[in-house]
Novice: 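My questions will all concern the structure given below.
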Number of protein chains: 2
Amino acid sequence: MAVTIHEVARRAGVSVSTVSRALAVPDLVRASTRDRVLAVAEELGYQPNRAARGLITGRTGNIGVVVPDVANPFFSAVLKGAHARAREAGQVVFLADSAEDSRVEAELVAAMGKQVDGIVLCSARMGDEELERSAGSTPMVLVNRRKAGLPSVLMDSADGMRQAVEHVAALGHRRIAHLSGPVRSWSSAERLRGLREAAAASGVEAVEIGPFPPTFEAGLPAADLVLASGATAVLAYNDLMALGVLNRLAVRGVVVPAEMSVVGFDGTQVSAMTTPALTTVGMPTETAGRAAVELLLDVLARPEHHSEAARTLPCQLVVRSTTVPPLPQAVRAGAPARLEALT
Amino acid sequence: MAVTIHEVARRAGVSVSTVSRALAVPDLVRASTRDRVLAVAEELGYQPNRAARGLITGRTGNIGVVVPDVANPFFSAVLKGAHARAREAGQVVFLADSAEDSRVEAELVAAMGKQVDGIVLCSARMGDEELERSAGSTPMVLVNRRKAGLPSVLMDSADGMRQAVEHVAALGHRRIAHLSGPVRSWSSAERLRGLREAAAASGVEAVEIGPFPPTFEAGLPAADLVLASGATAVLAYNDLMALGVLNRLAVRGVVVPAEMSVVGFDGTQVSAMTTPALTTVGMPTETAGRAAVELLLDVLARPEHHSEAARTLPCQLVVRSTTVPPLPQAVRAGAPARLEALT
DNA sequence: ACAGTCGATGAAAACCTTTGCACTGTGAGC
DNA sequence: GCTCACAGTGCAAAGGTTTTCATCGACTGT
């Protein structure tokens, strides 16, 4: 049986109100009384019952985080950041995994609604109307999704894509392939936009292939498509897909980076672990997680104030070993024997 | 303002008791009344306030999951399984990340205590006494940690290790290196035990190197140690470390698997993505997560019953491309030129 | 026809906390 | 010496639900 505020009050010889105040608004109670109460509370190991508190204050002290897939390193990193920031604020995080299913997602958000003060919704898959409905009942901040009237934390994927394009363009590539991701994803659209703008600006030709699911497996067939496209560099939707490309290229006997440059996206741990190490666009995942709960906390504190706030976090290209200048045309057309001399 | 049970009662023309019963124990109310109540509840979108319910029942409907690091794919997989099973049971999961710190871990468990019905504690880092103290205040099931009197879900790492050892032994390796993981980890100790037993039984010589943190970075220097040891095969503590080994071996110009066989552990996604694909011991991570909340639910349902229950899940070696028979001694000592012919 | 049962429902207590309001006493200002 | 303000504290209501107990009517068995 847990120790209640009544028990503390009894032992300290005061009323429950005084105990409550001693803990919540110390200045309201005389120093001597407060010290006595605090001592007793400490001794008994008293911890307020959050359910009871929530009942009266209407605040639960919980924040919900919903992601499409916890097992995806991208999201688990966001989750980690969110958890860290929440903990600092004494909030607890509720986790929900929508399994990439927009219906489940909506359901989870609805179910969470009453038990949390607010929700951090990552890469929302649900439609705009559903989103609006959900947001109506619970304060919510979006991560990597934009919706008028809803606060959000965005990662500047378009700019990340620009960096990637400029990088391969600077290396001398003139025809680059892009492997696109989930159609309904905001992030996906942003990257496409960044690609087109940067390609036009840099005077390189971008061939768009896809869409694909953002997985290793999708990268396998995508690699063949890339080879057939005649591109000399490929920008994958994410690191997982890039790994698939790498894998398939190796099977096909295509040497990376000599014969094909490959760029990933997300900057997940694994991108540093391949041989050769993958050039990728680093995403501020953990930072985004932190920023999202930060923003949510703000919204909770003064509701009407920043319903429109959108914070954009920068991406940073990290150049590793999968991007080099393309082979001269003559060599590419030549015999494999000549290639060996180059690698 | 949320719709309460009173509102439903008023609109349905019954008392709150009847509404409560219609939802919780439908047989207790007349069919016609029940239908009417249910219809009204549905129409109003009534959802019981869990805080209020928890206040009276003493059950929160929440279960806590604490892991050393959400961003580690091994744990995020366990988490995913736990979440899935919890959701099926209508429970929600509280996440806590201890950042591999035993003090934070204990703190988190204590803080969670009051807000959850029970805790799933993964790969507990805290000491036995602390563990005992924590378990005293909240029902708890351990994952990959054994402690007398506490229910637990174990993955049979020792047997997984046996499979790995027998595999490389069968390939003809006679001297194999083992890279050990965190000293305080139960899993680590189990694997060492499995290694020694299987090595003795198979008549192979095991050289134990370590301990190391279970990371990619640790695999780098470990690879050099392995080369110096004269082993022809290496069993790494986990996949991450194995990737580090692979990476460093490539840098050193050692060809895998021809010159060195490498086995990982955990069977994480990434193990399938390397080139060559990593032979590894598959761990039933998601299953373990499910099993853990299953067990917790059981314990919650009938407390005194299975406080001792320990469920052990099997591991399964998955053979891929990093393990082949060792080179004949003559060749290994010979010129690199001869090697090339082999690969 | 009557006692006894049982099914269906309602009233109210209980869970633990926060907080508005009321009360007491002390010191300041006149 | 009297009023007033105010600091410190207690009382009690409120929050939404579950659950025990009581009530009431109808039905069964004799």
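Every chain is numbered from 1, with letters handed out A, B, ... down the list of sequences. Keep in mind it's a predicted model, so treat the numbers as computed, not measured.
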Novice: Whether A:Y46 contacts C:dT17 is assessed here as follows: a side-chain N or O lying under 4.0 Å from the phosphate OP1 or OP2. Is that the case?
Specialist: yes
Novice: Any idea which heavy atoms bring B:R50 and B:G90 closest together, and the distance?
Specialist: NH2-O, 3.3 Å
Novice: Taking the nucleotide of DNA chain C with the nearest heavy atom to each, does B:A52 or B:R34 sit closer to the 5' end?
Specialist: B:R34
Novice: How many Å lie between CZ on A:R59 and C1' on D:dA14, as a whole number?
Specialist: 19 Å
Novice: What is the distance from CG of A:D27 to P of D:dA7, rounded to the nearest Å?
Specialist: 12 Å
Novice: Measure the distance from NZ on B:K114 to C1' on C:dT17 and round it to the nearest whole Å.
Specialist: 16 Å
Novice: May I ask you to say what B:S17 touches in the nucleic acid, namely base, sugar-phosphate or nothing, with a heavy-atom cut-off under 4.0 Å?
Specialist: base
Novice: Which atoms form the tightest heavy-atom contact between B:A124 and B:L131, and what is the distance?
Specialist: CB-CD1, 4.3 Å
Novice: Looking at B:T33, I'd like to know whether one of its side-chain N or O atoms comes within less than 4.0 Å of OP1 or OP2 on C:dT9.
Specialist: yes
Novice: Identify whether the distance between the nearest side-chain nitrogen and carboxylate oxygen of B:D35 and B:R30 falls below 4.0 Å.
Specialist: no
Novice: As a quick check of understanding, evaluate salt bridge (charged side-chain N to carboxylate O under 4.0 Å, His left out) for B:R311 and B:E294, giving each step before the final call.
Specialist: CA-CA 11 Å; B:R311 185 157 162 215; B:E294 186 96 42; 5.7 Å; no
Novice: Heavy atoms only, 4.0 Å cut-off, all strands: where does B:R50 land among base, sugar-phosphate and nothing?
Specialist: nothing
Novice: Taking the minimum atom-to-atom distance to the side chain of B:V14, which one of C:dG10, C:dG20, C:dT18 wins?
Specialist: C:dG10
Novice: Rounded to the nearest Å, what distance is computed from the CG atom of residue A:N49 to the P atom of nucleotide C:dA14?
Specialist: 18 Å
Novice: Contact class for A:S20 vs. all strands (heavy atom < 4.0 Å): base, sugar-phosphate, or nothing?
Specialist: base
Novice: From CD1 of A:I56 over to P of D:dA13, roughly how many Å is that when rounded to an integer?
Specialist: 13 Å
Novice: In whole angstroms, how far is the P atom of D:dA14 from the NE2 atom of B:H6?
Specialist: 12 Å
Novice: In whole angstroms, how far is the P atom of C:dT9 from the CZ atom of B:R10?
Specialist: 20 Å
Novice: Whole Å only: how far is the CG atom of B:L55 from the C1' atom of C:dC15?
Specialist: 4 Å
Novice: Can you tell me if B:T312 and B:D156 form a side-chain donor-acceptor pair at under 3.5 Å?
Specialist: no
Novice: If you check every side-chain atom of B:R30, which of D:dA14, C:dT9, C:dC21 has the closest atom?
Specialist: C:dT9
